[in-house]
*Asks:* 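One structure, as structure tokens, below. Some questions next.
Each residue takes its place number in the sequence, starting with 1. FYI, side chains are in, hydrogens and waters are out, and symmetry mates aren't considered; it's all heavy atoms of this structure. Since we're looking at a predicted model, the values are computed, not measured.
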Amino acid sequence: RGAPAETRVVTARSLQLRLAGDLADVESATFRQDVKIVDGRLTATAETAVYDSAAETLQLRAGGDNRAARPRVVDAELEVDASEIDADLK
């Protein structure tokens with residue numbers, strides 16, 4: 001037997017969904033305030049994260065004020081901090 005599939009978990013204070021019919025068909029999702037994404041050994045944090053299902057992209061952004069934490073992505077081999085992080089999930 002192979003290893004079980006890993007689960008991607010996103011937490012945030014606010015979530016706005018754009019649906020194409022029902023809950024199972026998400027077009028886009030915007031997470032705001034204290035966003036944390038855990039995907040296996042990778043963890044990402046940001047003030048805002050925008051997922052686009054059709055483009056298969058994830059945008060991580062800092063908040064509107066200078067006090068908000070910059071986006072950060074960490075796994076076992078790398079750490080990235082930047083004012084903006086764009087990920088191609090394809």
Side-chain angles (χ1 to χ4, degrees):
R1 294 185 180 191
E6 305 225 8
T7 301
R8 180 177 299 142
V9 177
V10 181
T11 57
R13 292 186 185 188
S14 171
L15 168 62
Q16 180 181 8
L17 290 174
R18 177 176 290 168
L19 303 174
D22 60 35
L23 279 174
D25 198 6
V26 174
E27 288 182 354
S28 66
T30 301
F31 302 88
R32 290 189 176 90
Q33 298 180 316
D34 300 325
V35 179
K36 182 175 182 181
I37 302 164
V38 178
D39 188 358
R41 293 175 33 194
L42 183 136
T43 299
T45 57
E47 193 60 21
T48 301
V50 178
Y51 169 71
D52 183 316
S53 178
E56 295 184 59
T57 58
L58 179 67
Q59 299 175 332
L60 303 174
R61 300 290 186 262
D65 62 23
N66 292 333
R67 294 174 291 134
R70 291 164 45 107
R72 178 178 177 92
V73 176
V74 178
D75 74 6
E77 299 175 12
L78 104 110
E79 292 183 28
V80 176
D81 291 292
S83 57
E84 296 182 349
I85 298 175
D86 294 331
D88 184 344
L89 304 176
K90 295 175 195 163

*Asks:* Looking at side-chain heavy atoms only, is the closest gap between Ile37 and Leu60 below 4.5 Å?
*Replies:* yes
*Asks:* Considering only heavy atoms from C-beta outward, does the side chain of Asp34 approach that of Glu47 to under 4.5 Å?
*Replies:*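 Side-chain contact under 4.5 Å: yes.
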*Asks:* Can you name the nearest heavy-atom pair linking Ala82 to Pro71, along with the distance?
*Replies:* O-CD, 2.8 Å
*Asks:* Can you see which heavy atom on Lys90 is nearest to which on Ala55, and at what distance?
*Replies:*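 Answer, listing the atom of Lys90 first, then Ala55: CE-O, 3.2 Å.
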*Asks:* If you compare all heavy atoms of Leu15 against all heavy atoms of Ala29, which two are closest, and at what distance to 0.1 Å?
*Replies:* CD1-CB, 4.0 Å
*Asks:* State plainly whether one hydrophobic cluster holds both Leu42 and Val74, where clusters connect Ile, Leu, Val, Met, Phe, Trp and Tyr through side-chain heavy atoms under 4.5 angstrom apart.
*Replies:* no
*Asks:* Would a hydrophobic clustering, with Ile, Leu, Val, Met, Phe, Trp and Tyr connected at side-chain separations under 4.5 Å, put Val35 with Val9?
*Replies:*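 In one cluster with Val35: Val9, no.
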*Asks:* Does Arg70 pair with Asp81 as a salt bridge, N-O distance under 4.0 Å?
*Replies:*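 No, Arg70 and Asp81 are not salt-bridged.
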*Asks:* Same hydrophobic cluster for Ile85 and Leu78, using side-chain heavy-atom links shorter than 4.5 Å among ILVMFWY?
*Replies:* yes
*Asks:* Please assess Leu89 against Leu58 for the test side-chain contact (heavy atoms from CB on, under 4.5 Å), listing each intermediate value before the final yes or no.
*Replies:* CA-CA 7 Å; Leu89 304 176; Leu58 179 67; 4.1 Å; yes
*Asks:* Measuring from atom OG of Ser28 to atom CG of Leu19, what distance do you get when rounded to the nearest 0.5 angstrom?
*Replies:*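 If we round to the nearest 0.5 Å, Ser28:OG and Leu19:CG are 8.5 Å apart.
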*Asks:* Is there a chain of hydrophobic side chains (I, L, V, M, F, W, Y, each step under 4.5 Å between heavy atoms) that links Val50 to Phe31?
*Replies:*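 Val50 and Phe31: separate clusters.
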*Asks:* Hey, mind stepping through Gln59 and Glu84 against side-chain contact (heavy atoms from CB on, under 4.5 Å) and telling me if it holds?
*Replies:* CA-CA 7 Å; Gln59 299 175 332; Glu84 296 182 349; over 6 Å; no
